[in-house]
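Everything below concerns the one structure shown next.
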Amino acid sequence: MAELVGPRVYSCCNCRNHVCLHDDIISKAFQGRNGRAFLFSHAMNVVVGAKEDRHLMTGLHTVADIYCNDCQEVLGWKYERAYEETQKYKEGKFIFEKSKIIKENW
C-alpha cells in the first residue's frame, strides 16, 4: 500500500505553526541577522510588520520584519523594495532565518 506524504514544510521554531513550503525555496545562500537564512517565494501564517529602509550586505533595501501569526516570533523579513537593479529579483520575497524554522513532514 502506498503511503500518502504531504508537502515538506517549515514551521515556527517556537510554536510549530506552518510558515513556508520547501518547494518555495529560491536560495539557501543568504545571511540573516543570526546566521544562515533562506530566500522563499511565498510565506504563510505570518504577519508583515512595518516597512523600513535597511543597509544589508547587498545594499539598501526596504524591508518589513515577518512574525509568526500564532506566537509573534520574528522569523525573518520580507523584501518590499530593492534600490539596486541587480537586487530587484528579491522584491516581494521572504527571508526566513534558518535558526527560526524547523522541518516538518520530512
Side-chain angles (χ1 to χ4, degrees):
M1 182 183 296
E3 204 174 304
L4 293 178
V5 179
R8 294 186 296 172
V9 299
Y10 289 94
S11 299
C12 171
C13 67
N14 192 48
C15 71
R16 310 230 8 189
N17 182 26
H18 293 178
V19 293
C20 48
L21 298 174
H22 177 75
D23 289 346
D24 290 335
I25 290 178
I26 295 170
S27 175
K28 293 183 177 182
F30 276 75
Q31 187 68 29
R33 289 187 201 106
N34 304 305
R36 234 171 117 197
F38 303 156
L39 182 68
F40 284 81
S41 58
H42 299 92
M44 58 188 169
N45 300 321
V46 297
V47 175
V48 179
K51 297 176 187 177
E52 64 178 65
D53 286 343
R54 286 191 200 149
H55 289 279
L56 303 174
M57 292 175 67
T58 54
L60 181 64
H61 295 79
T62 302
V63 299
D65 285 339
I66 54 173
Y67 305 85
C68 173
N69 70 353
D70 280 356
C71 71
Q72 285 70 55
E73 179 80 21
V74 177
L75 302 173
W77 63 84
K78 180 179 181 183
Y79 285 104
E80 297 288 352
R81 182 175 178 202
Y83 290 90
E84 296 190 27
E85 198 60 39
T86 60
Q87 302 301 309
K88 292 281 188 190
Y89 74 96
K90 296 176 184 174
E91 291 180 345
K93 309 293 190 302
F94 299 85
I95 286 288
F96 283 92
E97 304 238 14
K98 186 179 179 197
S99 64
K100 300 287 188 159
I101 55 176
I102 56 174
K103 295 176 181 178
E104 300 273 357
N105 294 337
W106 291 64

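Only heavy atoms go into these numbers, but all of them, side chains included; no hydrogens, no water, no symmetry mates.
The SG atom of C68 sits 8.0 Å away from the CD atom of E73 when rounded to the nearest 0.5 Å. Of the inter-residue distances, the one linking I102 atom CD1 with C13 atom SG reads 7.0 Å to the nearest 0.5 angstrom. Rounded to the nearest 0.5 Å, atoms CD1 (I101) and SG (C12) are 10.0 Å apart. Here the OG atom belonging to S99 is positioned 5.0 Å from the CG atom belonging to N34, to the nearest 0.5 angstrom. Atom CZ of R36 and atom CZ of F30 lie 12.0 Å apart (nearest 0.5 Å). Note: N17 CG to N69 CG = 5.0 Å, rounded to the nearest 0.5 Å.
I26 and Y79 end up in the same hydrophobic cluster when Ile, Leu, Val, Met, Phe, Trp and Tyr side chains are linked at under 4.5 Å. By the rule that hydrophobic residues join a cluster once side-chain heavy atoms approach within less than 4.5 Å of another member, I95 and I66 end up as members of separate clusters. Hydrophobic clustering, with ILVMFWY side chains joined whenever heavy atoms are under 4.5 angstrom apart, groups Y89 together with V63.
With respect to the salt-bridge test (charged N to carboxylate O, under 4.0 angstrom), the residues E85 and K88 do not qualify.
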Before you tell me yes or no, could you show the steps for L56 and W77 under side chain to side chain contact (heavy atoms under 4.5 Å, CB included), namely the whole-Å CA-CA distance, both residues' side-chain angles and the distance that decides it to 0.1 Å?
CA-CA 12 Å; L56 303 174; W77 63 84; 4.2 Å; yes
Show your reasoning for whether side chain to side chain contact (heavy atoms under 4.5 Å, CB included) applies to Q72 and N14.
CA-CA 9 Å; Q72 285 70 55; N14 192 48; over 6 Å; no
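With contacts defined as side-chain heavy-atom distances shorter than 4.5 Å, the pair L39/I25 does not qualify. Contact of the T58 side chain with the H61 side chain is registered, since non-hydrogen atoms from C-beta on lie closer than 4.5 Å.
Side-chain contact of S11 with K103: a donor-acceptor pair under 3.5 Å is absent, judged by distance alone.
Looking at E91, its side chain does come within 3.5 Å of a backbone N or O of A82 through a donor-acceptor pair. With E52 contributing its side chain and T62 its backbone, the two residues share no donor-acceptor pair below 3.5 Å. Of the possible donor and acceptor atoms, one in the side chain of N45 sits under 3.5 Å from a partner among the backbone N and O of H18. Within the 3.5 Å criterion, the main-chain N or O of R33 finds a donor-acceptor partner in the side chain of E97.
Annotation for A43 and F96: closest pair CB-CZ, 3.7 Å, computed over non-hydrogen atoms. Nearest heavy-atom pair across A37 and G32 is CB-N, 3.7 Å. In terms of heavy atoms, Y83 sits closest to L60 at CD1-O, 3.2 Å.
Judged by a 6.0 Å distance limit and a 45° cone about the ring axis, K28 is positioned over the six-membered ring of F38.
Using cut-offs of 30° and 60° on the angle between ring planes, the pair Y10 and F40 is perpendicular.
Among R54, K78, K100, the one residue that satisfies the salt bridge (Lys or Arg N to Asp or Glu O under 4.0 Å) test with D65 is R54.
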